[in-house]
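Report on one structure; see the data block that follows.
Numbers restart at 1 for each chain; the letters A, B, ... are given by sequence-line order, proteins then strands. Just so we're clear, the structure is a prediction, and the values are computed from it rather than from any experiment.
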There are 2 protein chains.
Amino acid sequence: MQISSRFTIAIHMLACMETFKDEYKVTSDFLADSINVNPVVIRRILSQLRDAGLVQVKRGTGGAAAAKPLKEITFLDVYRAVECIENNTLFHFHENPNMDCPVGKNIHNILDDKLVRVQEAMERELKAITLEEVMDDLKTVTDNGR
Amino acid sequence: MQISSRFTIAIHMLACMETFKDEYKVTSDFLADSINVNPVVIRRILSQLRDAGLVQVKRGTGGAAAAKPLKEITFLDVYRAVECIENNTLFHFHENPNMDCPVGKNIHNILDDKLVRVQEAMERELKAITLEEVMDDLKTVTDNGR
DNA sequence: CATTTTTGTAACAATTACTATTACATCTTT
DNA sequence: AAAGATGTAATAGTAATTGTTACAAAAATG
């Protein structure tokens, strides 16, 4: 199972907000046009980002913008904001192993710390990447011949 | 989205095969009883593990066993055997960004190598854990007062 | 060789998550 | 009051996961 596109959409949204913040009012329709998804999808993700304190959204007049400097927003922040993983565990465990079997009785405990290690490795890398990096790369490619 | 329970079930299966290989014939019904899922679920995963060269399954007479020493089977081997991730990419990308937008046009390329880094961090950790470690831990807990 | 046990797999259902879409109440400015 | 946005509920379609029944095919055994 893949991680849902909400994650890459959210990053795309933040990159758009930053890129166009001085030129346009960045509304959900504006974002929907760049990302090419339904505006309601944008608004749902916008709400999740707002609840996580990553963006500010203006009601009535409209428009969204990052709530803090992009170098302070990591991929992990975005991931946690939009990806609702049950119990915050990446791996789904089979629920009812047989407690009368020595393997079934102990497998959960034994695997747990190993799977946490894997999840932490992934989250450590997510945390090491900031939205600022994305903006830097974006500026590089848009400056050189588009 | 969580990684499916096929992964932890597969590890449980291999741990069972190794634990009981001398005492019992380890059939799909036997495994289903320890793991507490339907035998057909077991057989499906067994086929995937067989196709990946991780186990050998006897038809007719029945029984499954690891195809190589457990210290040579990593969590990554098992993960790849049972988890069918599209294009081998952990992150699902939104498909049709707007090519007329400077962000939409470049976001995919810019994100790709960053997301690969995350996936590699995860796979590196999966590769560092072997089934032998699971067996060692299992022996430790079953020796000391069960 | 027939029987028995087991694997391999198809078929179907139930559940869940994701994504798209319509509709509309609510908020804020003008 | 009107206009333009957001927030959110409701619904539908699709896909993946898991459970289950059913049965053909394989292999050992008497």
Side-chain angles (χ1 to χ4, degrees), chain A residues 1-10 12-13 17 24-33 35-52 55-65 67 79 81-87 89-97, chain B residues 1-10 12-13 17 24-33 35-52 55-65 67 79 81-87 89-97:
Chain A
M1 215 37 292
Q2 287 181 307
I3 285 160
S4 93
S5 64
R6 281 195 305 274
F7 177 67
T8 57
I9 291 177
H12 188 152
M13 286 165 62
M17 288 178 215
Y24 298 97
K25 181 170 66 170
V26 182
T27 66
S28 58
D29 274 30
F30 181 94
L31 291 167
D33 185 58
I35 296 167
N36 210 11
V37 294
N38 195 285
V40 176
V41 172
I42 298 293
R43 282 183 225 143
R44 275 199 285 250
I45 295 173
L46 221 36
S47 296
Q48 293 180 295
L49 295 175
R50 170 174 43 69
D51 292 347
V55 303
Q56 284 185 328
V57 187
K58 281 208 197 86
R59 296 204 62 163
T61 169
Y79 176 78
V82 301
E83 200 69 23
C84 29
I85 20 177
E86 203 160 343
N87 289 43
T89 52
L90 180 59
F91 294 90
H92 180 27
F93 221 101
H94 51 293
E95 315 247 311
N96 302 304
Chain B
M1 214 36 295
Q2 285 182 306
I3 286 158
S4 93
S5 64
R6 283 195 304 274
F7 177 65
T8 56
I9 290 176
H12 188 153
M13 285 164 62
M17 288 177 214
Y24 298 97
K25 181 170 67 171
V26 181
T27 66
S28 58
D29 273 30
F30 181 94
L31 291 167
D33 185 57
I35 295 166
N36 209 10
V37 293
N38 194 285
V40 176
V41 172
I42 298 292
R43 282 182 225 143
R44 276 200 284 247
I45 295 173
L46 222 36
S47 296
Q48 293 181 294
L49 295 174
R50 169 173 44 68
D51 292 348
V55 302
Q56 285 184 328
V57 187
K58 282 208 197 86
R59 294 201 62 160
T61 168
Y79 176 78
V82 302
E83 200 69 22
C84 29
I85 20 179
E86 204 160 343
N87 290 43
T89 52
L90 180 60
F91 293 89
H92 180 27
F93 221 101
H94 51 291
E95 315 247 310
N96 302 304

Quick check for you: among [options], whose closest atom lies nearest to any side-chain atom of [X]?
| X | options | value |
| --- | --- | --- |
| B:Thr61 | D:dA27, C:dC18, C:dT7 | D:dA27 |
| A:Arg50 | D:dT8, D:dT6, C:dT9 | D:dT8 |
| B:Met1 | C:dT7, C:dA17, D:dG19 | C:dA17 |
| B:Val41 | D:dG19, D:dT6, D:dT17 | D:dG19 |
| B:Ser28 | C:dG8, D:dT6, C:dT7 | C:dT7 |
| A:Val57 | D:dT6, D:dT18, D:dT8 | D:dT6 |
| A:Lys25 | D:dA27, C:dT22, D:dG4 | D:dG4 |

Report the distance from atom [atom1] of [X] to atom [atom2] of [N], rounded to the nearest whole Å.
| X | N | atom1 | atom2 | result |
| --- | --- | --- | --- | --- |
| B:Glu83 | D:dT17 | CD | P | 7 Å |
| A:Leu46 | D:dT6 | CG | C1' | 9 Å |
| B:Glu95 | C:dC18 | CD | P | 16 Å |
| A:Lys58 | D:dG4 | NZ | P | 18 Å |
| B:Phe7 | D:dT17 | CZ | P | 15 Å |
| B:Asp29 | D:dT20 | CG | C1' | 13 Å |
| A:Leu31 | D:dT6 | CG | P | 9 Å |
| A:Leu49 | D:dT6 | CG | P | 14 Å |

Tell me yes or no: between the side chains of B:Arg50 and B:Ser47, is some donor less than 3.5 Å from an acceptor?
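Yes - a donor-acceptor pair under 3.5 Å links their side chains.
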
Regarding A:Thr8 and B:His94, is there a side-chain donor-to-acceptor distance under 3.5 Å anywhere?
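The criterion, which ignores hydrogens and geometry beyond distance, is satisfied for B:His94 and A:Thr8.
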
Find out whether B:Asp33 and B:Phe30 are in side-chain contact, i.e. whether some heavy atom of one side chain is under 4.5 Å from a heavy atom of the other.
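Sidechains of B:Phe30 and B:Asp33: no contact.
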
I need the A:His92 NE2 to A:Met1 CE distance, nearest 0.5 Å.
13.0 Å

So, does the side chain of B:Arg44 form a donor-acceptor pair with the base of D:dG19 at under 3.5 Å?
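Yes, a donor-acceptor pair under 3.5 Å.
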
Any donor-acceptor pair under 3.5 Å between the side chain of A:Arg59 and the base of C:dT26?
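By the distance-only test, yes, there is a pair.
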
Name the residue closer to the 5' end of DNA chain C, choosing between B:Gly60 and B:Val40 according to the nucleotide with the nearest heavy atom.
B:Gly60

A:Ile9 and side-chain contact (heavy atoms from CB on, under 4.5 Å): which partner among A:Leu31, A:Val37, A:Asn36?
A:Val37

Start at the 5' end of DNA chain D and walk down; is the nucleotide closest to A:Ala64 or to B:Ser5 reached first?
A:Ala64

